[in-house]
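See below for the structure under consideration.
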Amino acid sequence: MTNLEIAALLRNIAAAYQILGENRFKIIAYERAADSIEHLSSDIKDLWDDGKLDDIPGVGETLKKHLDDLIRTGKVSHFDQVLRKVPQSVFPLLLVPGIGPKRAYMLVSALHLDNAGTVVADLKKMALAHKVAILPGFGEKSETDILENIKTYEGGQIKENRMDLPSADAIAVEIITHLKQISEVQHVHPLGSLRRQVSTIGDIDIAVSTTKPEKVIDHFLKYPYKKLIERGSTGASVLLHNGRQVDVRVQRPQAYGAMLQYFTGSKNHNIKLRAYALNKGLSLSEHGIKNVKTDTVRTYETEDAFYHALGLTCIPPEMREDKGEIEKAGLELQGTSKGLPTLVNASDIQGDLHIHSDYDLEPSHDLGRNTVHEYLDVALKNNYEYIGFSDHNPSFGNHTEKQIIAIMKDRKAYYEQQYDSWIQNVFNKNEVNKRVHMFLMCEVDIQPDGNLALPTEAFAYVDAVIASIHSSFTQDKSTMTKRILTALQKHPKVRMFGHPTARLLGKREGINFDWNEIFSVCASKDIALEINAHPMRLDTPDSVVYDAIRRGIRFCINTDSHATDQMELIKYGVSVARRGWATSNDILNTMEYNRFNKWLKQ
DNA sequence: GCCGTTTTCGGCCCGACTGTTTTCAGTCG
């Protein structure tokens, strides 16, 4: 079962409990666990393998046992018992927006919608026949709303169809540009999962500070949208024509800090933070901090001031996932050395080591689209100290070993000649200063048997190799683990493991292997894991980065660019590192040239 | 059912919006 399927199952249990009138905190507990599992950035089976299911926020002894049964046997008898107590046709209805457990149960019972397979279509018929409006608690408006929402439901599940980060950025930039057209907008920030830089984004959340909330909301609603979801005095939500939801929330400038904090989340971070505050007699909301005893609310203009008022240093948004950041932020303010780590920044990056140029070495996979000179120009513009060209190896099937060796030799000569001519073009004689150094690398396929798709002799013509998997993704766990271990130890010039899980977000699940064994070999051979910054990959995943750092593993953040305009995507790789709590010491390509060179060619 | 820098028992994040209601329940984030 996937994380999403398990989350859905737990939500159904929560819904059943709600219908059955169970203790409401038990219901909340199931919902919270479902939320956590849905947003997990690693496969729950990996946590189960390591016996770390109760590391998941909201999963305790009981749920750990149930989940263990579920993963081992595919079923939990306690769950089945609970689910059997309510009509099965309520569950499909829960997927329709605006219909929760209570209303679903009411509709199913009152209208005798007994067929779980057709229940949504049956409800639609009933609504069209005006049989819904007459039910207690329903009315004309709810009947038309239900029809409207069924249409949305039929149009596809928006929730399962999350965006990559650049798509979300593009929408946010458009909305922000629109909002800034009026002078009443003082500050505006994208928040929610986008601000935390989660690997995929559902809704776009935006906060605005203003003294004229009504005017700002009116102006926001002039932006073209398909459907108004809701509108109130504190904000509005719309569905755009592209199917994406945008929530805009407004706040007075003097309380904007609380708004930023509240709207950035994550949900689990906020729940933990509010419980933490409650212990101190303080109640948190998007309006400020209330002293429970005196019932007075203080407002905060900035997030910094908001966290400080709780006795915490301001926690970077990428860390707000309830992984112990609140406790650490408290320690820091007490002056102990065990506070929050100083996260790596995009400006710390000194080079990009995974670049595909248009030099045709008859590779196994796609060529890049720009010339060596064009990439060097961008590297110079980015203030990089070095750049690594890592074209795919020449295809193994179409060449003899001898041919491959010859190709690699020619390639080395070509790159060196290109590099020399670039240096001469860019700098006049007096200024010759090789500010951008070049590494000649190669991204080499890890074959199904763990061999590398580059003859040993050809390694003489590269500085270093990135070993990556591009085929046979479905091998079983032990075969895959052995395959990777073999490849990483095949040649001393293998210095990085490229996009380790080979996942493509929303398209292809990651491959299955034993991370602990890979960590061990990376630690003993000082091999880096790549954080591939391509927004469809973001691989190594952030949760693995977090674990790996605790094992002493270091990383290299690369773009895997196939064109020069992709080099700017490095920022998304930096975000992954930050979400994994990486400092610049954990990221090898923050080192200046001499130190990096020494590491690469050790 | 979860959870602990005053607790292993006794609490549990907080508020907005909507529709159907005359004070609240359901849903959502």
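Below, read A as the first sequence line, B as the second, and so on, with proteins coming before strands; counting in each chain starts at 1.
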Hey, are Asp247(A) and Ser237(A) close enough side-chain-wise for a donor-acceptor pair under 3.5 Å?
-> yes
Find which nucleotide of DNA chain B each of Ser285(A) and Leu135(A) is nearest to by heavy atoms, and output the residue with the more 5' nucleotide.
-> Ser285(A)
Side-chain touch Lys328(A)/Lys323(A), heavy atoms, less than 4.5 angstrom | no
If you check every side-chain atom of Asp203(A), which of dG1(B), dT7(B), dG29(B) has the closest atom?
-> dG29(B)
Candidates dC13(B), dG1(B), dT20(B) - which lies nearest the side chain of Lys141(A) = dT20(B)
Looking at dG4(B), dG29(B), dT20(B), which one has an atom nearest to any side-chain atom of Ser142(A)?
-> dT20(B)
Kindly state whether the ring of His241(A) and the ring of Tyr225(A) have centres lying under 6.0 angstrom apart.
-> no
C1' spacing across the pair dT8(B) / dC2(B), given as an integer number of angstrom | 12 Å
Counting heavy atoms from C-beta on, name the nucleotide in dC12(B), dA16(B), dT27(B) closest to the side chain of Gln18(A).
-> dT27(B)
Taking dC13(B), dC17(B), dG15(B) as options, the one with an atom nearest any side-chain atom of Ala275(A) is dC13(B)
Closest to the His287(A) side chain, choosing from dA16(B), dT6(B), dG26(B) | dA16(B)
State, without any angle test, whether Ser77(A) and Asp80(A) hold a side-chain donor-acceptor pair at a distance under 3.5 Å.
-> no
